[in-house]
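Input: a single structure, listed below in structure tokens.
Just follow the structure's listing: the first ligand is 1, and inside any ligand the first atom is 1. The first residue of the sequence shown is numbered 1, and numbering continues consecutively from there.
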Amino acid sequence: MIESVTAQEMQRFSHYTTDEIGVHPLVLMERAAISVMEVLGAGTFDLTNVLVIAGLGNNGGDGIAVTRMLAQKGVNVDLLLLGDEHRATPNTAKQLDIARKYGITPHNRVRDFRHYTVIVDALFGAGLSKPVPVKLGEIIKRVNAANIPVVSIDIPSGLNATSGAILGSAIRASATVTFAYPKKGLLQNEGLKRAGNIYVKDIGVYSPEELSNFKKESSNQ
Ligand SMILES: NC(=O)C1=CN([C@@H]2O[C@H](COP(=O)(O)OP(=O)(O)OC[C@H]3O[C@@H](n4cnc5c(N)ncnc54)[C@H](O)[C@@H]3O)[C@@H](O)[C@H]2O)[C@H](O)CC1
Ligand SMILES: [K+]
């Protein structure tokens, strides 16, 4: 059984699932969002007034899908989209298009984070490999200073998913919902201090070892 994975290993498993097996990336994104909804809805968090902070990468796409799912449950939720949406990844752009069709309008700034009851951090995930841009680093610092419970999607934004090192500044999360396997960066260095409670959720992405076990088991039946 895999204990934890690097960002590169996760990307390899994910690409195998989408490119070789043929699961559409949006299916994985929806399963990721549903798993975040499970954690948000488990009773630990006050969903009276939710803010989702989304970046332009696929981590942001997960967050936009969560925004839509919350809105469809009648939750009071705002979406803060950071960056020029024309530079978003295709799947994140698609999620934004879908959210808009459900009547969700993204904000590009938030005056005061303190009137939210929980913040969903979908700014950066396992794809972050360079220091966060200064302006986004300032927002991360303001979020941390607001002392509002933060649920990070996959990785607290600003952390290197493999080393757990801070890339400029990083979110301090109450909980992190990570996909498939724990990322090594959550279990060491600053990741250990900033991840909060870690929830590992199955979204249908597996290591080759697990995949070969499925095939063995099914051929034994
Ligand atoms: N692995 C899986 O099976 C799945 C992963 N999902 C989610 O995808 C992210 C990884 O997404 P990726 O596009 O590789 O990168 P990040 O979202 O981590 O973004 C970091 C990347 O994007 C640039 N960026 C983002 N926002 C901005 C911005 N506002 N300004 C400038 N640059 C920005 C940043 O520089 C980096 O290059 C993974 O963590 C999961 O959450 C799938 O959705 C589900 C399956
Ligand atoms: K994140």
Side-chain angles (χ1 to χ4, degrees), residues 5-21 23-36 39 51-66 79-96 106 108-109 119-140 143-144 150-162 166-183 185-186 191 194-196 198-207:
V5 292
T6 65
Q8 291 72 19
E9 284 170 327
M10 190 61 207
Q11 204 172 50
R12 201 169 72 242
F13 302 165
S14 173
H15 284 161
Y16 180 80
T17 306
T18 53
D19 303 346
E20 299 302 317
I21 305 269
V23 177
H24 195 285
L26 282 174
V27 169
L28 299 181
M29 200 172 257
E30 291 294 298
R31 288 189 66 173
I34 289 165
S35 67
V36 173
V39 173
L51 174 69
V52 177
I53 302 177
L56 303 177
N58 289 337
N59 194 247
D62 293 351
I64 296 166
V66 168
L79 173 62
L80 173 62
L81 183 69
L82 293 176
D84 172 1
E85 67 175 84
H86 299 100
R87 294 179 49 225
T89 59
N91 291 318
T92 297
K94 182 67 183 171
Q95 289 292 355
L96 193 54
N108 56 23
R109 67 173 59 84
I119 294 174
V120 178
D121 155 34
L123 187 52
F124 300 115
L128 185 70
S129 54
K130 53 190 188 296
V132 307
V134 172
K135 265 177 56 182
L136 299 181
E138 287 313 312
I139 290 174
I140 288 174
V143 168
N144 288 339
V150 177
V151 176
S152 285
I153 297 184
D154 209 18
I155 309 285
S157 294
L159 286 181
N160 178 302
T162 301
I166 294 185
L167 292 168
S169 43
I171 285 284
R172 195 180 302 283
S174 308
T176 297
V177 184
T178 196
F179 309 124
Y181 306 99
K183 308 307 174 298
L186 297 174
R194 290 174 183 254
I198 298 172
Y199 299 83
V200 184
K201 293 288 188 178
D202 178 5
I203 60 168
V205 174
Y206 308 103
S207 67

Does the residue R31 have a heavy-atom contact with ligand 1, meaning some pair of atoms that are separated by less than 4.0 Å?
no

Residue, atom name and distance, where the atom is the protein heavy atom closest to atom 27 (C) of ligand 1:
F124 CE2, 3.6 Å

With sequence neighbours excluded, what pairs up with D154 under the side-chain hydrogen bond (donor to acceptor under 3.5 Å, both in side chains) test?
T178, K183

Should F124 and L167 count as side-chain neighbours, where that means a heavy-atom distance under 4.5 Å?
no

Start with the C-alpha gap between D62 and Q95, add the side-chain angles, then the distance that decides, and say whether side chain to side chain contact (heavy atoms under 4.5 Å, CB included) holds.
CA-CA 8 Å; D62 293 351; Q95 289 292 355; over 6 Å; no

Side chain to side chain contact (heavy atoms under 4.5 Å, CB included) for D121 and V143? Distances and angles first, verdict last.
CA-CA 10 Å; D121 155 34; V143 168; over 6 Å; no

Top protein contact for atom 26 (N) of ligand 1, by heavy-atom distance:
L56 N, 2.9 Å

Is it the case that ligand 1 has an N or O less than 3.5 angstrom from some N or O of G125?
yes

Under a 4.0 angstrom heavy-atom cut-off, which atoms of ligand 1 come close to L136?
28 (C), 29 (N), 30 (N)

Side chain N59, main chain I153, donor-acceptor under 3.5 Å:
yes

With the side chain counted from C-beta on, respond yes when E9 and T162 share a heavy-atom pair under 4.5 Å apart, and no when they do not.
no

Only heavy atoms of D154, strictly under 4.0 Å: list the atoms of ligand 1 that pass.
38 (C), 39 (O), 40 (C), 41 (O)

Name the residue from V150, I139, L123 that meets the side-chain contact (heavy atoms from CB on, under 4.5 Å) definition with I171.
V150

side-chain contact (heavy atoms from CB on, under 4.5 Å), paired with N58, selected from L28, T89, L26
T89

Could you check whether atom NZ of K94 has more than 12 heavy atoms from other residues, nucleotides or ligands sitting under 6.0 Å from it?
no

Could you see which bit of T92 sits under 4.0 Å from ligand 1, with heavy atoms only: side chain, backbone, both or neither?
neither

Metal check, the K ion (ligand 2) vs L123 N/O/S, cut-off below 3.4 Å
no

Please find out if the K ion (ligand 2) and some N, O or S atom of N59 are separated by less than 3.4 Å.
yes

Is there a polar contact, in the sense of an N or O pair closer than 3.5 Å, between I153 and ligand 1?
no

Quick one: nearest non-hydrogen protein atom to atom 9 (C) of ligand 1, plus distance?
N59 N, 3.6 Å

Atom 3 (O) of ligand 1: closest protein heavy atom, distance to 0.1 Å, is S14 OG, 3.0 Å

Answer with yes or no whether I155 contacts ligand 1, where contact means a heavy atom under 4.0 Å from a ligand atom.
no

Under the rule for salt bridge (Lys or Arg N to Asp or Glu O under 4.0 Å), what residues qualify as partners of E30, not counting sequence neighbours?
R68

Indicate yes or no: at least one non-hydrogen side-chain atom of F13 is less than 4.5 angstrom from one of V5.
yes

If you scan protein heavy atoms around atom 43 (O) of ligand 1, the nearest is D62 OD1, 2.4 Å

Using a distance threshold of 3.4 Å, state whether an N, O or S atom of S152 lies below it from the K ion (ligand 2).
no

I'd like to check T6 versus R12 (side-chain heavy atoms, cut-off strictly below 4.5 Å). Are they in contact?
no

Qualifying residue for side-chain contact (heavy atoms from CB on, under 4.5 Å) with L79, from L51, V120, L96:
L96

Looking only at non-hydrogen atoms, which of G204, S157, P133, G60 approaches atom 31 (C) of ligand 1 most closely?
P133

Does I166 reach the side chain of L159, with side-chain heavy atoms less than 4.5 Å apart?
yes

Considering only the protein, which heavy-atom contact is closest to atom 29 (N) of ligand 1, and what is its distance?
L82 O, 2.6 Å

among protein heavy atoms, the one nearest atom 13 (O) of ligand 1 is N58 N, 2.9 Å

Criterion side chain to side chain contact (heavy atoms under 4.5 Å, CB included) on R194 and N144, from CA distance to verdict:
CA-CA 11 Å; R194 290 174 183 254; N144 288 339; 4.0 Å; yes

Numbered atoms of ligand 1 (with element) below 4.0 Å of G55, judged on heavy atoms:
26 (N)

Is M29 in polar range of ligand 1, meaning some N or O pair under 3.5 Å apart?
no

I would like to know whether R31 and V205 meet side chain to side chain contact (heavy atoms under 4.5 Å, CB included); could you show each step before the answer?
CA-CA 10 Å; R31 288 189 66 173; V205 174; over 6 Å; no

Report, in ascending order of atom number, the atoms of ligand 1 lying under 4.0 Å from any heavy atom of V205.
3 (O)

With a cut-off of 3.4 Å, does any N, O or S atom of G125 fall short of it relative to the K ion (ligand 2)?
no

When you measure from the K ion (ligand 2) to the N, O or S atoms of D121, does any of those distances fall below 3.4 Å?
yes

Distance-only N or O hit between ligand 1 and K130, under 3.5 Å:
yes

Provide, to 0.1 Å, the distance between atom 14 (O) of ligand 1 and the closest protein heavy atom, together with that atom's residue and name.
G127 CA, 3.6 Å

Have a look at ligand 1 and work out which part of F179, if any, has a heavy atom under 4.0 Å from it: side chain, backbone, both or neither.
side chain

Quick check: does I155 put an N/O/S atom under 3.4 Å from the K ion (ligand 2)?
yes

